[in-house]
Asks: 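Below you'll find the structure I mean.
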Protein chains: 2
Amino acid sequence: MASLGELERSVMTLLWESGQQLSANEVCEQLDEDLAVTTVLTVLARLEKKGMVERERSTRPHRYAATATREEHTVEMLNEVLGTALDREAVLARFIGSVSENEAAALRRILG
Amino acid sequence: MASLGELERSVMTLLWESGQQLSANEVCEQLDEDLAVTTVLTVLARLEKKGMVERERSTRPHRYAATATREEHTVEMLNEVLGTALDREAVLARFIGSVSENEAAALRRILG
DNA sequence: GCAACACTTCTACCGAATGTAGAAAAGCTG
DNA sequence: CAGCTTTTCTACATTCGGTAGAAGTGTTGC
């Protein structure tokens with residue numbers, strides 16, 4: 001389970017893109033919408049509960065960072081979806097067939 | 001967006017497994033839980049709205065069927081997730097690295 | 001054609017998740 | 001300690017999904 005709401009996703013995107021620990025205030029400023037800091041704090045707390053964000057509590061503005069990179073997270077999601085398949089190989093086959101030729105070529109390279 | 005609730009998923013599984021059009025009553029009977037038919041009708045209507053189910057309105061017990069096979073649907077989900085990636089090739093590479101050796105072998109075969 | 005039954009639609013309620021933020025509490029700094 | 005910054009608590013609104021009764025519509029046997 002790692003379904004994210006709209007705002008939660010925006011915050012994650014920010015954390016992923018910044019690649020560093022950010023304070024709630026920094027997140028708040030860098031978001032497009034004009035939200036109260038408490039709102040951002042609530043969202044960060046929820047993301048922490050979901051395990052998507054780690055909080056450094058030893059500094060005074062607490063600092064938050066994504067626990068996984070964006071790519072790692074995406075791969076987790078992919079595996080979650082694949083886990084619902086009855087016939088994994090069949091699904092993989094179709095899936096591979098659905099990506100671009102360039103991507104298929106990259107896969108060939110990777111698979112050796 | 002095609003996130004499914006528990007019951008919605010059960011109903012889809014049933015439709016996928018039966019592979020045919022079913023009436024609300026049939027779905028109801030074949031479900032493990034003991035639900036009112038109206039409940040099943042509500043769920044089927046919601047699934048129809050989500051585009052996951054097609055309804056034949058010309059027969060009297062309306063008949064419902066999945067619009068895509070289970071595999072097609074899973075692949076769609078995979079593509080949806082992949083669509084959120086910035087660097088698709090990187091994600092694909094990691095993803096492929098996360099499947100079993102057997103599956104990787106199957107992919108090699110498929111990719112020719 | 002109508003009564004009785006089958007089926008569908010409407011409406012509603014509940015709980016959980018998410019967006020939103022004020023009020024209150026806690027920590028820091030001069 | 002006073003005042004500011006930051007965090008926590010609490011709360012409310014909305015939406016989604018599970019659940020189903022009441023009311024409406026279609027069908028069928030007579």
Asks: Which nucleotide, D/dA11, D/dG18, C/dT8, lies nearest any side-chain atom of B/A24?
Replies: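 Out of D/dA11, D/dG18, C/dT8, the nucleotide with an atom closest to B/A24's side chain is C/dT8.
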Asks: Atom CG of A/L44 to atom C1' of D/dC9: distance rounded to whole Å?
Replies: 17 Å
Asks: Starting at the 5' end of DNA chain C, which residue's closest nucleotide do you reach first, B/R46 or A/V40?
Replies: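 Result of the comparison: B/R46.
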Asks: When we call it a touch if two heavy atoms are under 4.0 Å apart, what does B/L35 touch: a base, just sugar-phosphate, or nothing?
Replies: sugar-phosphate
Asks: I'd like to know if B/R9 reaches the base of D/dG17 with its side chain such that a donor and an acceptor end up less than 3.5 angstrom apart.
Replies: no
Asks: Report the distance from atom CG of A/N25 to atom P of D/dC4, rounded to the nearest whole Å.
Replies: 16 Å
Asks: When all nucleic acid strands are considered with a 4.0 Å heavy-atom cut-off, which category describes B/L7: base, sugar-phosphate, or nothing?
Replies: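 Here B/L7 touches the backbone only, sparing every base.
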Asks: Among C/dT20, D/dG21, C/dC7, which nucleotide has an atom closest to any side-chain atom of B/T38?
Replies: D/dG21
Asks: At less than 4.0 Å, is any side-chain N or O atom of A/S23 found next to OP1 or OP2 of D/dT7? Yes or no.
Replies: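 Looking at the OP1 and OP2 atoms of D/dT7, neither is under 4.0 Å from any side-chain N or O of A/S23.
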Asks: Which heavy-atom pair separates A/A2 from A/E80 by the least distance, and what is that distance?
Replies: N-OE1, 4.4 Å
Asks: Could you tell me how far apart B/E26 (CD) and C/dA6 (P) are, to the nearest whole angstrom?
Replies: 15 Å
Asks: Give the rounded distance in Å between these two atoms: CG of A/L31 and C1' of C/dG19.
Replies: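 It is 13 Å, rounded to the nearest whole Å.
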Asks: Check whether any side-chain heavy atom of A/S98 sits under 4.5 Å from a side-chain heavy atom of B/N79, and report yes or no.
Replies: yes
Asks: Please give, in whole Å, the distance from D/dG18 C1' to B/E33 CD?
Replies: 10 Å
Asks: Within the structure, does a side-chain N or O atom of A/R55 lie under 4.0 Å from either OP1 or OP2 of D/dT8?
Replies: yes
Asks: When all nucleic acid strands are considered with a 4.0 Å heavy-atom cut-off, which category describes A/T42: base, sugar-phosphate, or nothing?
Replies: base
Asks: In whole Å, what is the span from the CG atom of A/L47 to the P atom of C/dT18?
Replies: 9 Å
Asks: Please pick, from C/dT8, D/dT8, C/dA21, the nucleotide with the shortest atom-to-atom distance to any side-chain atom of A/R57.
Replies: D/dT8
Asks: For B/E71, is there an ion pair with A/R94 - N to carboxylate O distance below 4.0 angstrom?
Replies: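 Yes, A/R94 and B/E71 are salt-bridged.
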Asks: What's the closest nucleotide to the B/V43 side chain, out of D/dT7, C/dT20, D/dT19?
Replies: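 Taking heavy atoms from C-beta onward, the closest nucleotide is D/dT19.
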Asks: Side chains of A/E56 and A/S58: do they bring a donor and an acceptor to under 3.5 Å?
Replies: yes
Asks: Identify the residue among A/E54, A/E48, A/E26 that makes a salt bridge (charged side-chain N to carboxylate O under 4.0 Å, His left out) with A/R63.
Replies: A/E26
Asks: Could you check which of D/dA20, C/dG27, C/dG19 has an atom nearest any side-chain atom of A/R60?
Replies: C/dG27
Asks: How close or far is atom P of C/dA25 from atom CG of A/L41, stated in whole angstroms?
Replies: 18 Å
Asks: Taking a hydrophobic cluster as the set of Ile, Leu, Val, Met, Phe, Trp and Tyr residues connected by side-chain heavy atoms closer than 4.5 Å, whether directly or through intermediates, do B/V75 and B/M12 fall within one such cluster?
Replies: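 Result: no, two separate clusters.
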Asks: Can you check the B/R63 CZ to C/dA6 C1' distance for me, whole Å?
Replies: 14 Å
Asks: Please check the phosphate of D/dC16 (OP1 and OP2 only) for any side-chain N or O of B/K50 closer than 4.0 Å.
Replies: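 So the side chain of B/K50 is outside the cut-off, no N or O lying under 4.0 Å from OP1 or OP2 of D/dC16.
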Asks: Reckon B/H62 has a side-chain N or O less than 4.0 Å from the OP1 or OP2 of C/dC7?
Replies: no
